[in-house]
J.: 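I'd like to ask you about the structure that follows.
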Amino acid sequence: MWKTGLLLLFWGLLTSSELQQEATKPEPRNQPPSGKLDFGYVPQGVYKTLAYYEPGVIGILFHMVHAFLYVVQPNPFPEDLVVKVAKDKFGAIQSEYQKPENIVLTLQAIYYETGFMVCAVLGLLFMVLLPLVGLFFCLCRCCENCGGEMHQRQRKNAECQRGLLTTLLFATSLIITAGVLCAYAANQNLSSQLKGMKSLVSSNLKDLQTFANETPTQIDYLIAQYATAKYTVISDLDNVGPLLGGNIHVELGTEVCPALDGVLRMAGAMRETKEALENVSVSLEVLQEATGKLHFNLSLVRSSLNRTLNDPGCSDEDSDATTAQLCRSIHSSLAQLHVSANFTRLPDVNNQLESVNQVLKTDLSNIIQKGFSSFNGTPGMVSDQMRTVVEGARGMLDVISTNISSFSKVFPLHSSLANFTNFISHTQSKIEDSYPEIDQIDFYRWICCIGLCCMVVLILAFNFLAILCGTMGYDKHASPTTRGCVSNTGGTLLMAGVGFSFLFSWILMGVVTATFLVGGNLEKLVCEPFHTKQLFKVLDTPHLVNPEWRNFIPGYMYNDSDLDLTVESFYSNCKNNRSLYSAMRLDKVFNVTTLLNSSLYTKEVVKMFDSVKIDLRGIVLLESEGKQSLIDFSETGVAEINYAAYLEEVNKGVTQVDLLSYANELEAQTDLMPKGPLQTSLKGHANSLRQIHSQLVIPMEQAMKYVRARSTLNQSIRLLERTASDLPNKITDVLKSIEAAQYLISQNATHVVIQETEKYKQTIVGYFRQYIEWVRTSLTMEVAACKPFSNIVDTVEIVACSFLVDSLNTFWFGLGCCALFLLPSIILSVKLAKFYRRMDTEDVYDDIETIPMKTAIGNWN
């Protein structure tokens, strides 16, 4: 029955009560569109048991005992031997002892126990021989032998012998004192650790209660967190336009947006062309007006100079040769008095400007914005066409919620846990009821151990009092027959100690031998293998418990002994606070993925999204009117403008020669002529040139109006030249690009739609997978953490090994030390008593011959 209940408990840990009502469901979390879900932290119970024991100072004694046991038994743990004996269950060994394999097995056991057996034999010999020796010793002394004769020979080194024996006995007594203190400390430690044992047991039972109480809460939390996945899916379904449609928009935008941007740039080029043509027209008028005035004035000066140079004073034969030469030089330079940049000969751009204005009557920018708006409406179009799928998916989520709610009714978790809790409470009650009996047994044990220690203490009391009396009552001038009462009392106490040593030592050795065999073997065969985990290997030996079971835990619990579940793995997983689901390998018996049946739900999702048909043919990127506007722009004649002529005139100076320099040169040449009307006329012309330079040329070079006009003309012409460069081919490329983008949307967008729909579908399915994976991980790592079970094992080890076995071993170790050193104590006490007790006779020496003579002093008196 308890096996069935435990199975129900383990299986029940995976399910719980119904999901909370809608009012108590967690609010949908604001999750990123396709991010990782945050299911929070599974509520964890706090286990208070600290299954760790630090012995403190007495740990030094424990280590000494362990070292002694290693000397006695250095052989490794006999794993094979233990396994064979356990499999045989001692039956065949007892009934068929004569078989060779059983003899070998017995010899192996004897070999392993050699150290213990030798010590046990020595202990038995001690127990048997010491009382016999004591009996014969007493009889011998009664016959005044073995030191019973009350006579002491006088020796020169008597003082030295007395001091040496006293020192050795004192040292021996100190060692015996240390042994009895060790035994007493172990005795007290065992009694004091009972309180710790009670607190450990109580803590373990409370942890089991916590385990039973927290597990349903954790399971409920796992089931309730389906709402997180559900609301995230709902959020993504509600935002199918921005998510799915947005991704489709982004993918198509890699080709569509550059095409629309090309048209948009061309629309900007149209406006820039219009502005440039207008600037050319205005700038050309300003510059033509200015150069016209300059040309007119220079023509007048040139005509006047020409007339003046035709004066008879220049060309007459009677005129001065120098004057004639100067006149010829001036006449030859008149060709320089011309305007350099002649803007009047440049053709206007009015026809092109009119054509561009005609093209711009069609608002291409607005048409392009309509194309952008139509393309940017992809998310809304997708949202409208996905409305049916979204509604179906929402209904499927409600069905999944209902199915998960029904899972909690599959197993009677609460009743199983209630029975488990009752079992814990009943066990705790029985344990607490046994505490008084345990305390009483411990009290009797404590009394017995104290009695044994008191035996040793009594002997030690005789020894120390004897040493004290012998030392305090010592008189070096007194002869053996005249020793004082105090010294004699010391000798008597020593002999009393010897007598009690013979009476008690065999009892002490009997207790030591028995406890040594029990405690030492428990340490070597149980405690030490537990620490090295060799004990687990023995328990996990295949076919150990049942010949048909490879692993007895799964064989007993699940009738599947091939399942990889061992005692060591269960203990290690619980030690690491893994979940019971993982430690007991319940995944092989009760698979949570199958329980949730996620494949069925994902299939439904796949079917829904595979049926999606998204039609984007309603998107129009560029209307025919916009295309015609581009074609018309290529035919405006902008490419026919003579840009080279414009740039040539713009780059020229105002005049061919610097008028101010020319006027100064003219005046310098005039100064070489004889004074007269000719000279005066030429100087007047030089002044006219200076006036033209200051009134016309300088303003044209410096006035903002002309400078700006010239600059604007230069920039506009260069802009127009760049725009007009290969304009028809550029427009053709833009039209081809927009046609290709339109064809992609209308005809070839299916691939992109399928690709992005698959990604969106995987995102939705991924939420379910995340939830299931989180549930699996939580069941493996967090839910029903089985630390209390490993704590129970550790507590048993602490109580059995650290509290009981270590204290027991330390007790016999100290008591055995006392028993062994009672032998030298007996010998030393007997010898030392001769130096303390008052003798009946003594040795007397003749002063002349120094020949010793035995004298009966008692008869003289």
Side-chain angles (χ1 to χ4, degrees), residues 57-58 60-65 67-69 71-72 119 122-127 129-131 133-134 137 162-190 446-471 489-516 519 807-836:
V57 178
I58 200 173
I60 300 174
L61 299 177
F62 292 167
H63 290 303
M64 291 175 59
V65 175
F68 176 77
L69 287 175
V71 173
V72 172
C119 291
L122 292 176
L124 291 174
L125 288 175
F126 187 98
M127 292 170 57
L129 294 179
L130 196 63
V133 170
F137 179 74
R162 181 179 182 277
L164 177 61
L165 291 173
T166 301
T167 303
L168 291 176
L169 180 59
F170 183 76
T172 303
S173 299
L174 287 179
I175 295 175
I176 296 173
T177 303
V180 76
L181 289 176
C182 176
Y184 177 78
N187 184 41
Q188 292 297 115
N189 179 71
L190 182 55
W446 183 84
I447 290 295
C448 293
C449 292
I450 290 296
L452 293 172
C453 292
C454 287
M455 294 180 184
V456 180
V457 170
L458 179 61
I459 298 171
L460 288 173
F462 285 133
N463 285 354
F464 284 118
L465 287 174
I467 293 173
L468 179 62
C469 292
T471 303
T489 302
T492 304
L493 289 173
L494 284 176
M495 294 312 296
V498 170
F500 281 111
S501 296
F502 280 120
L503 289 175
F504 296 152
S505 57
W506 68 275
I507 299 175
L508 296 176
M509 185 55 69
V511 173
V512 168
T513 303
T515 53
F516 165 73
S807 297
L808 177 64
N809 288 338
T810 304
F811 181 79
W812 64 249
F813 182 75
L815 211 59
C817 178
C818 296
L820 288 176
F821 278 89
L822 283 177
L823 290 177
S825 174
I826 292 171
I827 297 170
L828 293 171
S829 295
V830 170
K831 287 184 171 293
L832 187 59
K834 279 283 189 180
F835 293 93
Y836 285 173

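Since this is a predicted model, take the numbers as computed values, not measurements.
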J.: Side-chain contact, heavy-atom cut-off 4.5 Å: Thr513 with Phe126?
T.: no
J.: Under the side-chain hydrogen bond (donor to acceptor under 3.5 Å, both in side chains) test, which residues partner Thr166, sequence neighbours left out?
T.: Tyr836
J.: When rounded to the nearest 0.5 angstrom, what distance separates CZ in Phe821 from OG in Ser505?
T.: 14.5 Å
J.: Give, for atom SG of Cys818 and atom CD1 of Ile175, the distance between the pair rounded to the nearest 0.5 Å.
T.: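 So the SG of Cys818 and the CD1 of Ile175 are separated by 10.5 Å.
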J.: Are Phe516 and Leu69 close enough that some pair of their side-chain heavy atoms sits under 4.5 Å apart?
T.: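 They are in contact (side-chain heavy atoms under 4.5 Å apart), so the answer is yes.
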J.: Below 4.5 Å, heavy atoms only, C-beta onward: do Phe502 and Ile826 meet side chain to side chain?
T.: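 Answer yes - side chains close enough.
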J.: Begin with the C-alpha distance, continue with both residues' side-chain angles, and end with the deciding distance and a verdict on side-chain contact (heavy atoms from CB on, under 4.5 Å) for Leu815 and Phe811.
T.: CA-CA 6 Å; Leu815 211 59; Phe811 181 79; 3.6 Å; yes
J.: Between Ile58 and Ala185, which heavy-atom pair has the shortest distance, and what is it?
T.: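 So the minimum-distance heavy-atom pair works out to CD1-O, 3.8 Å.
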J.: To the nearest 0.5 Å, what is the distance between SG (Cys454) and CG (Leu460)?
T.: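 Nearest 0.5 Å value for the SG-CG distance: 11.0 Å.
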J.: May I ask you to check whether over 12 heavy atoms, not counting those of Ile60, lie within 6.0 Å of atom CD1?
T.: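 No, not enclosed.
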J.: For a quick test of reading the model, state the closest non-hydrogen atom pair linking Asn463 to Leu494 and the distance between them.
T.: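 Looking at all heavy atoms of both residues, the shortest contact is OD1-CD2, 4.1 Å.
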J.: Compare every heavy atom of Arg162 with every heavy atom of Gly470, then report the nearest pair and how far apart it is.
T.: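 Scanning both residues completely, I find the closest heavy atoms to be O-NH2, 2.7 Å.
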J.: How about Leu169 and Ser829: do any of their side-chain heavy atoms sit closer than 4.5 Å?
T.: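 In short, these two side chains touch, coming nearer than 4.5 Å.
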J.: Over 60° means perpendicular and under 30° means parallel, so tell me whether Phe500 and Phe462 are parallel, tilted or perpendicular.
T.: parallel
J.: Within a strict 4.5 Å, meaning less than it, do heavy atoms of the Ile450 and Tyr184 side chains meet?
T.: yes
J.: Could you give all pairs that pass the side-chain hydrogen bond (donor to acceptor under 3.5 Å, both in side chains) test and reach residues 446-458, with sequence neighbours left out?
T.: Gln188-Trp446
J.: What distance do Leu124 atom CG and Leu129 atom CG have between them, rounded to the nearest 0.5 Å?
T.: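 Between Leu124 CG and Leu129 CG, I get 10.5 Å after rounding to 0.5 Å.
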J.: Below 4.5 Å, heavy atoms only, C-beta onward: do Phe170 and Thr471 meet side chain to side chain?
T.: no
J.: Can you list the residues that meet the side-chain hydrogen bond (donor to acceptor under 3.5 Å, both in side chains) rule with Ser501, with sequence neighbours excluded?
T.: none
J.: Say you draw a straight line from SG of Cys449 to CG of Leu808; how long is it, rounded to the nearest 0.5 Å?
T.: 8.5 Å
J.: Working to the nearest 0.5 Å, report the span between CZ of Phe68 and SG of Cys817.
T.: 10.0 Å
J.: Which is it for Leu508 and Leu822 under the side-chain contact (heavy atoms from CB on, under 4.5 Å) test, yes or no, and what are the steps along the way?
T.: CA-CA 10 Å; Leu508 296 176; Leu822 283 177; 4.1 Å; yes
J.: Would you call Leu820 and Met509 a side-chain contact if the rule is heavy atoms closer than 4.5 Å?
T.: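 Yes, at least one pair of side-chain atoms sits under 4.5 Å.
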J.: Do you know which two heavy atoms are closest between Ser807 and Asn189, and how far apart they sit?
T.: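 Closest heavy-atom pair between Ser807 and Asn189: OG-ND2, 2.9 Å.
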J.: Indicate the atoms forming the closest heavy-atom contact of Val512 with Thr515, along with that distance.
T.: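 What the structure gives for the nearest pair is O-OG1, 3.1 Å.
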J.: Take Phe813 and Leu61 through the test side-chain contact (heavy atoms from CB on, under 4.5 Å) and record every step on the way to the result.
T.: CA-CA 9 Å; Phe813 182 75; Leu61 299 177; 6.0 Å; no
J.: I need the minimum non-hydrogen distance between Thr810 and Cys182, along with the two atoms involved.
T.: CG2-SG, 3.4 Å
J.: Measure the shortest side-chain to side-chain distance between Cys453 and Asn187 over non-hydrogen atoms and say whether it is less than 4.5 angstrom.
T.: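 Answer no - side chains too far apart.
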J.: Might you work through the side-chain contact (heavy atoms from CB on, under 4.5 Å) test for Met455 and Leu458, ending with a clear yes or no?
T.: CA-CA 5 Å; Met455 294 180 184; Leu458 179 61; 5.9 Å; no
